[in-house]
There are 2 protein chains.
Amino acid sequence: MSTNKRSSTLSEIAKIAEVSVMTASRALNNQPGVSEEKRAEILRIAEDMGYVANRVAQRLSGGKSRVIGVIAQLHTLYTSDLVLGIGSALRSSKYEMLVYSLSDTDSQPPQAIVSLLRQFVDGIIVILPFQSDYLISLSDADLPIVTIDEGSHDNFPKIVADNYQGARLAIQHLADLGHRRIGFISGNNQLASARDRERAFRDMQAQLGLDDDPELVVNGNFLQQGGFNAAKELLKLPVRPTAIFAANDISAAGAMSAIRDGGLTVPEDISLVGFDDVAVASQIYPALTTVKQPSAQMARAAVNTIVAMIAGIEPATAVIMLPTELVVRDSSRPMGEVVEMPFSKGSRKKSTTTVA
Amino acid sequence: MSTNKRSSTLSEIAKIAEVSVMTASRALNNQPGVSEEKRAEILRIAEDMGYVANRVAQRLSGGKSRVIGVIAQLHTLYTSDLVLGIGSALRSSKYEMLVYSLSDTDSQPPQAIVSLLRQFVDGIIVILPFQSDYLISLSDADLPIVTIDEGSHDNFPKIVADNYQGARLAIQHLADLGHRRIGFISGNNQLASARDRERAFRDMQAQLGLDDDPELVVNGNFLQQGGFNAAKELLKLPVRPTAIFAANDISAAGAMSAIRDGGLTVPEDISLVGFDDVAVASQIYPALTTVKQPSAQMARAAVNTIVAMIAGIEPATAVIMLPTELVVRDSSRPMGEVVEMPFSKGSRKKSTTTVA
DNA sequence: ATGAATAACGTTAGCGTTAACGTTATTTTG
DNA sequence: CAAAATAACGTTAACGCTAACGTTATTCAT
């Protein structure tokens, strides 16, 4: 009820309840060894005084802090989505989340923060898609660690999306629409996800007999600007692709700008498909066809796994792979087909005469 | 050098150095009372054993944890920008940052996290633009708190951008371009920033004698979808506005989609100006004219202030207001003027015919 | 030379909590 | 009914660190 100035301590409560600190501790932690009446009274007093256990002391005393650390680069939308997801998945548990935001220039977190986290939290969820050496320095810790999207060799449970399958879906979709000359804007190949998506692209090229000039693959590094530049390159080709698959939504957005900047239109002149399904994908115009990463499920899986590990239960599988899903919106269209724009009234955009 | 399994403790180091724990502590904390030779040796040993001070213990022992807590809603781009800015501003200091991400449904952080933070960190930077009651519960703490963008009554130092002036600049810009019928997509009026921007709009309407039909103001709630809907409303007006000022970039982006969806073009048919200058503002097409929030400076100011407060120095002013700045890009254009699209090469910036 | 100041340490205690034993009544069991 | 088991507590120590005193030698002023 009353929000006290300084948060009260266990011993204060114990004093008022006229019991030892230990009894108070037991009562509050729901442990045996306290009669029901005393427990009730202690709980009442604690409530009354607005007692909150000091996690710092709890942790130092060898206990748990009930805090889960998240290491992430907040810069990319997709990562933010995941962090948010973890937060809401955690909200139904008794854990809190504290995020360490890695600078975009750092490829690995400073040693300091790693040990800080190690000291304070009960478990760490790492969302760095790097092959990160520093993880090795964590591996010998007793601290549970779960990794999301981490591609490399390691000994932690790993939550990943099925990037390969997702990319295949995207290409299949474009092929189904009649596109045979598809450009690919690749991602940061340091990341396993980028490599998987590119591998899928090349496999599908072969499998479906698509055009496979090497110039059809341009790196966009998962960045807006990278996507812009890459698309510019693709548009400069002697024979222009009729569709572009970008390895993530951000570079797809960049590509869209580049296409417009070149006087062409999506999807009339060029179909465009992204990957991730970040929030803006549905919000840009035209809404982006993309492959949806199951970020909410991934977050939930990560949370479940780490909570289990904290409880001492080792995860059944080292890798949990979640399926991806194609989301068809307005940026992809059958080749050569002239459809009216999905406008409310009658707005005429240039109808495309597709160039061979 | 050697990365030890379990991080070593002070007493281990002291034992090896054959000194007391206290001497080791003094040496490592750069405090007097240790001879230079011993200090050097202790430092060497500590380095050698990969010693890292246990912040949890430091903090519990009444010391500082050298950690700054940040409470923010990571959902909005602008907030993320600020958090990132705080992170990089902190990187040059000896503090680390831990972020608590508030759920978008919560308007206030759970009591638990507040006390958790209070227990562990040396200071808190709050980036909630709410009039948040919970801040009051913090106010009696001994913990330094700095607020960014918080509009309400409170007793903490506050870092804000000059929203009023910024919005005036935006309107003035549109007026200079000849627009006299300007629609306004307002923000979430719970936020002081939104109120300031709307006030500026109305003041300028009066001051410049612009059209001031009440229908020219539609709420967009700072959201993409809200901006979309609001713009739809504005376009439905019997006499359409020739320019739209959105209270933030996100709703401007929504408005842009709506305008396109209505078969019109930015900036040919409608000039559009946003607010914030989040990263995507320059990345959407056409690049958005907007008012730049000095988020990097704000972050730096917040960090400097909190660090000073932790050191016991009360800030000189309760409110630090940083100037905003108009960034003219491609989404605004003189009324009625027909300019070629600013494609690849020669994008000429509009020459302004200033109207009284 | 002698008391006082100083430098360089060491000791004790405590931050708030819990684990691991003690202790004391009360109940159960053979 | 005595011995053993149990329940309901209390005590002690420890987590890793630092603040606040002590202690000892060395230097300094008079």
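So you know, we letter chains A, B, ... as the sequences are listed, proteins then strands, and number each from 1.
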[X] has an atom [atom1]; how far is it from atom [atom2] of [N], in whole Å?
X: Phe120(A); N: dC17(D); atom1: CZ; atom2: C1'; answer: 16 Å
X: Lys64(A); N: dG16(C); atom1: NZ; atom2: P; answer: 23 Å
X: Met22(B); N: dG14(C); atom1: CE; atom2: C1'; answer: 13 Å
X: Glu41(A); N: dC9(D); atom1: CD; atom2: P; answer: 11 Å
X: Arg26(B); N: dC17(D); atom1: CZ; atom2: P; answer: 15 Å
X: Asp122(A); N: dT17(C); atom1: CG; atom2: C1'; answer: 14 Å
X: Gln31(A); N: dA7(D); atom1: CD; atom2: P; answer: 15 Å
X: Glu36(B); N: dC9(C); atom1: CD; atom2: C1'; answer: 14 Å

Quiz item: Charged N to carboxylate O under 4.0 angstrom, Asp149(B) versus Lys158(B)?
Solution: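 Answer for the salt bridge query: no.
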Quiz item: Is a salt bridge present between Arg39(A) and Glu36(A), judged by a nitrogen-to-oxygen distance below 4.0 Å?
Solution: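 The answer is yes: the pair qualifies as a salt bridge.
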Quiz item: Less than 4.5 Å apart, any side-chain heavy atom of Ile159(A) and any of Val319(A)?
Solution: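 Not touching, per the 4.5 Å side-chain cut-off.
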Please classify the nucleic acid contact of [X] as base, sugar-phosphate, or nothing, using heavy-atom distances under 4.0 Å.
X: Val19(B); result: sugar-phosphate
X: Ser35(A); result: sugar-phosphate
X: Gly62(B); result: nothing
X: Thr23(A); result: sugar-phosphate

Self-check item: Residue pair Asn29(A) / Gln58(A): nearest heavy atoms and the distance that separates them
Solution: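 Nearest pair, atom of Asn29(A) first, then Gln58(A): OD1-NE2, 4.5 Å.
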Practice problem: Hey, which sits more toward the 5' end of DNA chain C by its nearest nucleotide, Arg39(B) or Gln58(A)? | Solution: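 Going by which nucleotide is closer to the 5' end, it is Arg39(B).
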Quiz prompt | Residue whose nearest DNA chain C nucleotide is more 5′ - Ser25(A) or Ser61(B) | solution =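 Final value for this comparison: Ser61(B).
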Quiz prompt | Verdict with reasoning, Asp81(B) to Ser295(B), per side chain to side chain donor-acceptor pair (under 3.5 Å) | solution = CA-CA 7 Å; Asp81(B) 269 8; Ser295(B) 49; 4.6 Å; no
Quiz item: If only side-chain N and O atoms of Lys38(A) are considered, is one of them under 4.0 Å from the OP1 or OP2 phosphate oxygen of dA8(D)?
Solution: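 False: Lys38(A) side-chain N/O out of range (4.0 Å or more) of dA8(D) OP1/OP2.
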Exercise. Report yes if at least one side-chain N or O of Asn29(B) is closer than 4.0 Å to OP1 or OP2 of dT18(D); otherwise report no.
Key: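 Affirmative; the distance criterion is met.
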Practice problem: Record whether the side chain of Arg59(B) comes under 3.5 Å of the base of dG16(D) through a donor-acceptor pair of N or O atoms. | Solution: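 Flag unset: no donor-acceptor pair detected.
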